[in-house]
Amino acid sequence: MSVFRQARWEEPLVYEVSRDRKEGSLVDAEFRDYAARLLRKLPDGILRKEGPAIPSISEVEVVRHFMRLSQMSYGVDFGPVPLGSCTMKYNPKICEDLASDRRIVEAHPYLDEEDVQGILEIVYTLQKWLSEIVGMDVCSIQTPAGAAGEFAGALMIRKYHRDVGEERRDEMIVPDSAHGSNPASAAMAGFKVVRIPTDSDGNTDLEALKAALGEKTAGAMLTNPNTLGLFEEHILDIAREVHKVGGLLYYDGANLNGIVGYVRPGDMGFDIAHLNLHKTFAAPHGGGGPGAGAICAKGALVQYLPAPLIDFDGRKYYLKYDIPKTIGRVSWFYGNIVPAIKSFLYVATLGPQIKEVAEVATLNTNYMLKKMSPLPGLDLAFGYGRWRKHEFVVSFEKLYKETGVGAEDVAKALLDRGLHAPTILFPLIVPEAHMVEVTETETKENIDALVEAYKEIVSAAYTNPSEVKKSPQHTSSKRLDTVYGNLPKNIVVTYRMLKEKSAKT
Amino acid sequence: MPHPWIPNSYIKNELMKELGISSTLQLFDDVPKELLLTRDLAVGYGTSLTEYQLVRAFDDLLRKNTFIYRVPPFIGGGVCLHYIPAAVKHVASRPEFYTAYTPYQPEINQGITRALFEYQSLVADLYGVDVVNASMYNGSTTLAEAVRLAVRATGRKCAVLPRNMHPEVFEVVKTWSEPVGIVLHSPSYNAETGRVDLGELEDTVRKLKPAAVVVQTPNFFGIVEEDLEKISRIAHEGGSLLVVYEDPIFTGILEAPGKLGADIVVGDTSSVGSGLNFGGPSGGILGIRDPEEKLLRQLPGRLIGYTRSADGEEGGFIMVLQTREQHIRRERATSNITTNSALEAVKAAVYLTLLGSEGLKKLGEAIAGRTEFLVEKMLSAGLELAFRKGVHLREVLFKHPNIAGLRDFLKNNGVYVGPLIGKFYSELPDCGLVCVTEVHSRGDIETLSELVKEFLKVVAS
């Protein structure tokens, strides 16, 4: 077993770094008299008497504190983060550098169009490229993340049906393998969610789908490849059936990485698609965000995109507010511009060679799956003998039954080897699941190391399961009790609560 | 063709051999033949670029941005240019933070979970609330989620958002509310003070029994809502929840909204470390004052909480109450939000810690002082306030018959102000915002007022 030791600083919470009152950043007092004059005009009741109870420490203390915290975290720059459906690929450094240009980060959103032609051209070009990649007519990047794109798409479907007098269409079809955000987005847009099972080949069950379709169907939300990493083989039939009853087809672009350049959602028959620019298009994930989303449409649906769009009139780039049937604004201003620009730089660099992304991502997935398959205790659950695309899912149900070591235990043991764990216990249709996405940016050596780690862990599970269940030992924290912290009486989400609670006990 | 960002593109043959295939196309044998693209995508510049080619091409594009700030811009409209201390950028540039994802594996991501816990704690102290989540997208979507939260918590179906709210935020709330049948009502503002018209607000609340009464302070006109306590009374007497939208930058001088009766607080991190970014990204702040825990289980978004290790020996931090969230609760989740703005929350935590309690107060005063100085200078230059009896903070709404001409004249001299708000308020066609923050020196404000004087002289002659 390789030696991995994550930093374990005995770092207090920032409130307890120092009790002394210091300053971390100076503020001038030049206008103090003027300030006093202004504040006197306000009623006393709305002025703050006591400063907020936040710490006051020096710059060096602040920097050390957060740098130490950073050493207790783990991202793609340190090793594989094979979180399935998250597409944790390498974030090219040049994209980080260029997107932090002052001409971008200091641009105020209310500057005149004529003053920001550079940014507008970049975003417009990105919209064009994304449209070409998904096979749609127009993309907007107003949506700040993928889920916001889903919500926008669901709203577009809703408005479209209302405009043609079909308000009765209040059902959204969602396969049971879908990302949880799909049914959540549909519900937020006011739809009832109809769940479709997955067949043993790992496809959306076509017969069940047909049976669910009807005059109440507003649309179907699908991701393809799906969350099992499998291409929906009957996608053309699905599109035909959904359209036949007057429904619209929505594409969840979270899994585009396995097919980009090979096959396009628009060509498959999808009417609307969202993209996660922080997945396929290499903008970083930021420890949870911010990412950036795009929402794309074709044909009549283009008229429903959120306003404004960034457009070009042959002479200049401008904000187009005149979108006759728009669902309105989904977010203020124009979207998460900085990550979107990172995606622009990514596509600009690769050009048509972006196809190599899907090719190698798929090669890597299947290579790893092939190396994993002989391991005892694991099972594929769906789609035996089929090639995976961006990711694969294995079930550790057998291992769990035979040794008591489950998917979560295996995940924690991976951490101990300096490897991030995949997405676990998802999709919900696979018991004890590991959903693995190594992307195109992992090397063969790293994939082999991951497989080797799995091999060691599985074999340890059969020989010494209690040892595996003690993992992790070498991370910044030992295994954390997720039940304890979630008990109603134990919910502690601020330092203030933590102090009050420890004062009581 | 192989590419350095795709290491195994150099050894495809080796991997193919392992898989027993002779072409990678075989991996796509389940894709209907007619769907497979037989041409290259028309993206990028026709071929891949070297890094130095990319740098040049990108610089050529950015040169088409012609804005050149002679002095820091005085543009407002909800977000303003604030200084970001260098240490914020250095922490946010740590790849352990920015190349990580949501801490699904908390043991290897204690850094992020702790930084987010600290963010939640710091912001809860600023706003005087019990719980702040680990961030939303931005202020606009967060207010939309706040209204939906209030609707879920009260079982009522309408909300009150005054007309002096940020109009784009209003539009966002409308987009997010309409599909679930939430009706929005907008009481007007007082013509002299620019503040919410209390009489109309009270009538609306009495008549409609809304789920939420929303108020933004300072409001879109830059005017402090002085009657927060009265508004709180009106809201609560009607059984509504009070939602206060306030920029965190003011919390050093303005009383914490939680102490003035706010049940839900909303803000945006643009001013506290995120920056302008042509409008995004920033982070959305969402907090609740929730002594009876009526709101917590309806709260959208990720939440970091304290727990102990499985062996009970030490403490640590994890995501809590995930059963509210989409990946578990699916269509019954409190929101679809997945990716949030964690890195912006980390930046805000660093920013707020650098400033500290005293620094935030001084910063509030630095902005208040400049606002007062700006008003004095502009009035003496000959401009008028749109609302004479309102107290402005950071942003000031001025009025002049040729406001557009004035704005252009200033811009031609490298001094940017705005936005003009006629496009949002047809009844205020001759009004424009001017924003001052700590980045503006006395000289900058004087440069502005001298130019205004010069313009008005030309107009008069």
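Keep in mind it's a predicted model, so treat the numbers as computed, not measured. Below, each value reflects all heavy atoms present in this structure, side chains not excepted, and no hydrogens, waters or symmetry copies.
- Contacts between H179(A) and chain B at a heavy-atom distance below 4.5 Å involve the backbone alone (N, CA, C, O).
- Only the side chain of P472(A) comes within contact range of chain B, with at least one heavy atom under 4.5 Å from a heavy atom of that chain.
- For the pair R114(B) and H65(A), the minimum side-chain heavy-atom distance is below 4.5 Å.
- Heavy atoms closer than 4.5 Å to chain B are found nowhere in A29(A), neither backbone nor side chain.
- Only the side chain of E121(A) comes within contact range of chain B, judged by heavy atoms closer than 4.5 Å.
- Across all their heavy atoms, H327(B) and F426(A) have their closest contact at O-CE1, 4.0 Å.
- Looking at L26(A), neither its backbone nor its side chain comes within 4.5 Å of chain B, counting heavy atoms on both sides.
- The minimum heavy-atom distance between N109(B) and H420(A), with the atom names listed, is ND2-NE2, 3.7 Å.
- Counting only N and O atoms by type, the side chains of Y74(A) and Q105(B) include no donor and acceptor under 3.5 Å apart.
- Considering only heavy atoms from C-beta on, E23(A) comes within 4.5 Å of K362(B) through its side chain.
- With T353(B) contributing its side chain and I57(A) its backbone, the two residues share no donor-acceptor pair below 3.5 Å.
- Contacts of I119(A) with chain B are made by both backbone and side-chain atoms, with heavy-atom separations under 4.5 Å.
- Residue R32(A) touches chain B through its side chain alone, counting heavy-atom pairs closer than 4.5 Å.
- Both the backbone and the side chain of A148(A) come within contact range of chain B, with heavy atoms under 4.5 Å apart.
- Counting heavy atoms from C-beta on, the side chains of Y306(B) and L13(A) never come closer than 4.5 Å.
- A distance-only check finds no donor-acceptor pair linking the side chain of T24(B) to the backbone of E359(A) [under 3.5 Å].
- A donor-acceptor contact closer than 3.5 angstrom is absent between the side chains of S477(A) and Q110(B).
- At distances below 3.5 Å, not a single donor-acceptor pair connects side-chain atoms of E438(B) with backbone N or O atoms of V27(A).
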